[in-house]
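Input: a single structure, listed below in C-alpha cells.
Just so you know, these numbers use all the heavy atoms, side chains as well, and skip hydrogens, waters and symmetry mates. Please read these numbers as outputs of a predicted model, since none were measured by experiment. Lettering follows sequence order; numbering is per chain, from 1.
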Amino acid sequence: MINVKLQDGKVIEVVAGEKIIDIIKKISNSLAKEAVSAILNGETVSLEETVEEDSDLEILKFDDERAKDAFRHTSSHILAQAVKRLYPEAKLGIGPSIENGFYYDFDMEHRLTDDDLKKIEKEMKKIVESNYPLEKFVLPRDEAIKFMKEKSEEYKVELINDLPEDEEISFYKQGDFTDLCAGPHVSKTGQIKAFKLMSVAGAYWRGSEKNKMLQRVYATSFPKQKELDEYIEKLEEAKKRDHRKIGKEMDLFAIMEEGPGFPFFFPKGMIIRDELERFWRKEHHKRGYQEIKTPLILNEQLWHTSGHWDHYQDNMYFTKIDDGDYAIKPMNCPGAMLSYKRRMYSYRDLPIRLCEMGQVHRHELSGALHGLMRVRTFTQDDAHIFMLPEQIKDEIIGVIDFIDYVYKLFEFKYHIELSTRPEDFMGNAEEWDMAENALKEAMEEKNIPYIINEGDGAFYGPKLDFHLEDCLGRTWQCGTIQLDFQMPQRFDLTYVGSDGEKHRPVMIHRVVFGSIERFIGILIEHFAGKFPLWLAPVQVNLLTVTEKFAPFALELADRMRDAGIRCEADVRNEKIGYKIREARNARNSYICVIGEKEVEDNTLQVRSIKQGELGSIDIDDFIKKLLDEIKAKQA
RNA sequence: GCUGGCGUGGCUCAACGGUAGAGCAGCUGAUUUGUAAUCAGCAGGUUGGGGGUUCGAUUCCCUCCGCCAGCUCCA
C-alpha cells in the first residue's frame, strides 16, 4: 500500500500493480485526474517505480522554485538530446533554467534557422513520448573527464576541471543521452508536456566576449499546455505595449537613422516630459533640494580630476574647442562638485542638496541600444547631497522614502539591490566598507529586504539600485543611491566644522526616475499608453456629430483650456464612428460626443479610455471631475 | 562591439532576374452623418547608401549605415 499525495493536498491509497483506471476512479478532483494521467501517460506502470523517485508527483504546478528549476532543467536536457540526435557534431555548452524558461548553448557549424527549431521541437516530442527515466550516476573526476573527452564534449571537460575538488561530479542519463549535471530533475521525460522553442541567438561561452560565440536556443516549458498558452499570450501583450510601437502610434517620440540612440521628442511626448519635470521640481523643492544646471561640455582636465578619464573613457565623447581638449559629460557629478566648491560652507549649512535635470551622453555599444530604454543621450533627474558623516543614514533614508513615494504614485512595485565594491575601484577598501555599511544600516533601519550584487558598484562607491516592476512583471533598474567618499577628496571639497577647522563632506549621488527617457518608456508600457490623466497628452477630445455643432465644441474647448485642461476639438466633416476610432487609437483620455441633445442639455456623451462608456454628464460637473482627477495624483 | 535575422512611398505590408503594387494617412470633390473606418478622384517610391555580377537587379554577391533578437554593458 502506498500513499500518493495529489496536487490539492488530498492523499489516496493505491496498491502496487493496481490498474490506472481504478486509481483514477478514486480521485474526484478533475484537476488531479488530469495530473495523474499525465504522469502515468496512460501506461500501466508499477507504482513503486513512480513513487520511489524523489517527489516528482508534485511537479504538476510550479509551487516552488526548485520544482520549476527541475522541470525546466529536464526540458533543457531534452532539447540537447534532440539537437544531438539531429546534429551529432554539435558540442554542448550549458543548459540552465532561467527566469521564464531555459536555454541550451551549442557549438556547431550549421547555423540553426526557424525551420530547424521546428525539426528540433518534433524530435523533442518524440523524446517526451518515449518517457525515458532520468537516471543519475556519479563518476570520479578522472573518469568523468575521460567520459566527456570520449564524447568530444570539450566544454563539459572545461566545466569538470573547474568544479571544486570536493564537489560530486554527477551525470544524468535519459535514453541515448547523458549530460554532466548537478540536477535535480523530474523523474521522466514524459512529464514535460508543454514546451516551445522561442529563438536562437549568439552567446559567448561563459559570458565573456573573449570566448567563442555559441548558438543559444531559448525555450520555455510548463507542466500544462494552458500555462504555456498563457505565457505566450503575455509575451504578445508585452509586444503590443512595446513603447517603440506605442510611441509611434501616439506620436510621442522617435529615434531616427540620423541619430542612433539620440531620441527626438515630439509635442505630445514633450507634454509627458514637461509634466514629469514639473512634478519632479515640486517634490524636490518640498524636500529641501536646490536646482542647478551645469554645462554639457567641460574641459578634459576636469575628467582627469573626477576619475572618469581613468575609469569611464570608453563611454565618453570628446571634442576640441580652439586648441583645448574637452569632453561631453557622461555624468553630472563633476559639474555638481564645481558648484559646491564655488564658496565656503559652515557645518551648519549641511546637508546641501543640489538637484539637476542633467543631460548626459554616453557611448553605448550599438547593439545595446533599445528604444528609450537604452540610449546614448538621456536626462538624469540627478541630485548630489553633500553632508556631515553623521548625517549619512538620515539622508539615505530620506532618499529611500522619496523614491518609494514616487514609485507608489505610479503604482509600481519594486525591489532594492545593494551593489558592492567592483574590481576597478577608486580609493581604499576601508572607506568602501564604511560606505557599504552605511547603506546596509539604512536598509536595516527601514527594515527593507534587499539582494546583494557583489562587485557591481560604481567605480567611486557602492550603490542601492531600485528595480521597478511593471504590470507585466518585468523589472527595470531606475532609481539609484550611490554613496561616494572619493569625489569629495578628488575635488578637495570642504566645510568648516565647529572646531574652526576644514573637514571633508560625504556625498550621495542619486536619481529617482533614473532617466526621464527610460522612465517614460516604462510608463508607456506600464499603462499601455493609457496614461493617468495628469500625464495624458490629450485629456479631452470633443467630437461633433455634424459641423453644425462646431461653434459649440470650439467654444467649449477654449473654456476647458482656460481651466487648464488639455482639450482638442475634432469638428471635421467626418462620421462620428470614424472620429471615435481615431480618438481611441490616439488613446485620448476622455472622448466626448457633441450632438443635438448635448447642445440642448449642456451635457456631453463621455467615454473614458480606461473605463469605457460613462454616459451623459453635465458639462460643469465634467470639468470639475476632470480638474479633481488631474490634481488627485499629484498631491 | 559580437552572432543571427531584417531594411520596398509618412505608416502597415505585397511582388519579383525583365526598371514596383495595395490598404491606411495626405490632397481635391461629393456626402451633414449619433459611438471603432462614407464614396470617388489625385498625388506620392531612382525598393537604406555605395560598389560588383548580368543584356538587364529592387531581387544575386561584397561593403557601409540603420533596425530587431540575444550576448556583453548599463540610467
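Annotation: side-chain contact (heavy atoms from CB on, under 4.5 Å) contacts of A:Lys548 (sequence neighbours excluded): A:Thr546, A:Glu596. Annotation: ring-ring contact (aromatic ring centres under 6.0 Å, His included) contacts of A:Phe102 (sequence neighbours excluded): none. In this view, A:Asp229 and A:Gln225 satisfy the side-chain contact (heavy atoms from CB on, under 4.5 Å) rule, not counting sequence neighbours. By the side-chain contact (heavy atoms from CB on, under 4.5 Å) test, A:Ser97 is found to be paired with A:Asp69, A:Arg72, residues two or more places apart in sequence or in another chain being considered. Applying the side-chain contact (heavy atoms from CB on, under 4.5 Å) rule to A:Leu298 yields the partners A:Pro295, A:Leu302, A:Trp303; only residues at least two apart in sequence or on another chain are considered. With sequence neighbours excluded, no residue satisfies side chain to side chain donor-acceptor pair (under 3.5 Å) with A:Glu547. Applying the side chain to side chain donor-acceptor pair (under 3.5 Å) criterion to A:Ser608, with sequence neighbours excluded, gives A:Gln611.
Within residues 601-608 of chain A, the residues approached by RNA chain B to less than 4.0 Å at the level of any non-hydrogen atom are A:Gln605, A:Arg607, in residue-number order.
Between A:Arg584 and B:rA37 there is no side-chain polar atom (N or O) within less than 4.0 angstrom of OP1 or OP2.
Consecutive Watson-Crick or G-U pairing (both distances under 3.5 Å) extending over three or more pairs maps onto RNA chain B as B:1-7 with B:65-71, B:10-13 with B:21-24, B:26-30 with B:38-42, B:48-52 with B:60-64.
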Distances for protein N or O near nucleotides 42-47 of chain B N or O, under 3.5 Å:
none

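Using a 4.0 Å heavy-atom criterion, one finds that A:Glu598 contacts the bases of the nucleic acid, with or without backbone contacts as well. In this structure, A:Glu249 reaches neither bases nor backbone, as no heavy-atom distance under 4.0 Å exists between it and the strands shown. A:Gln215 comes within contact range of no nucleotide atom at all, as no heavy-atom separation falls under 4.0 Å. Note on A:Lys248: only backbone sugar-phosphate atoms sit closer than 4.0 angstrom, heavy atoms only; bases stay farther off.
Sequence order on RNA chain B of the closest nucleotides to A:Glu257 and A:Leu112 puts A:Leu112 first from the 5' end.
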Could you tabulate the donor-acceptor pairs under 3.5 Å formed by side-chain atoms of residues 372-379 of chain A, not counting sequence neighbours?
unit_1: A:Arg374; atom_1: NH2; unit_2: A:Glu364; atom_2: OE1; d: 2.8
unit_1: A:Arg376; atom_1: NE; unit_2: A:Glu364; atom_2: O; d: 3.0
unit_1: A:Arg376; atom_1: NH2; unit_2: A:Glu364; atom_2: O; d: 2.8
unit_1: A:Thr377; atom_1: OG1; unit_2: A:Gln359; atom_2: NE2; d: 2.8
unit_1: A:Thr377; atom_1: OG1; unit_2: A:Val360; atom_2: O; d: 3.0
unit_1: A:Thr377; atom_1: OG1; unit_2: A:His361; atom_2: NE2; d: 3.3
unit_1: A:Thr379; atom_1: OG1; unit_2: A:Arg273; atom_2: NH2; d: 3.0
unit_1: A:Thr379; atom_1: OG1; unit_2: A:Glu517; atom_2: OE2; d: 3.2

- Summary of protein contacts for nucleotides 70-75 of chain B, nucleotide by nucleotide, where a base hit scores B, a sugar-phosphate-only hit scores S (4.0 Å, heavy atoms): BBBBBB
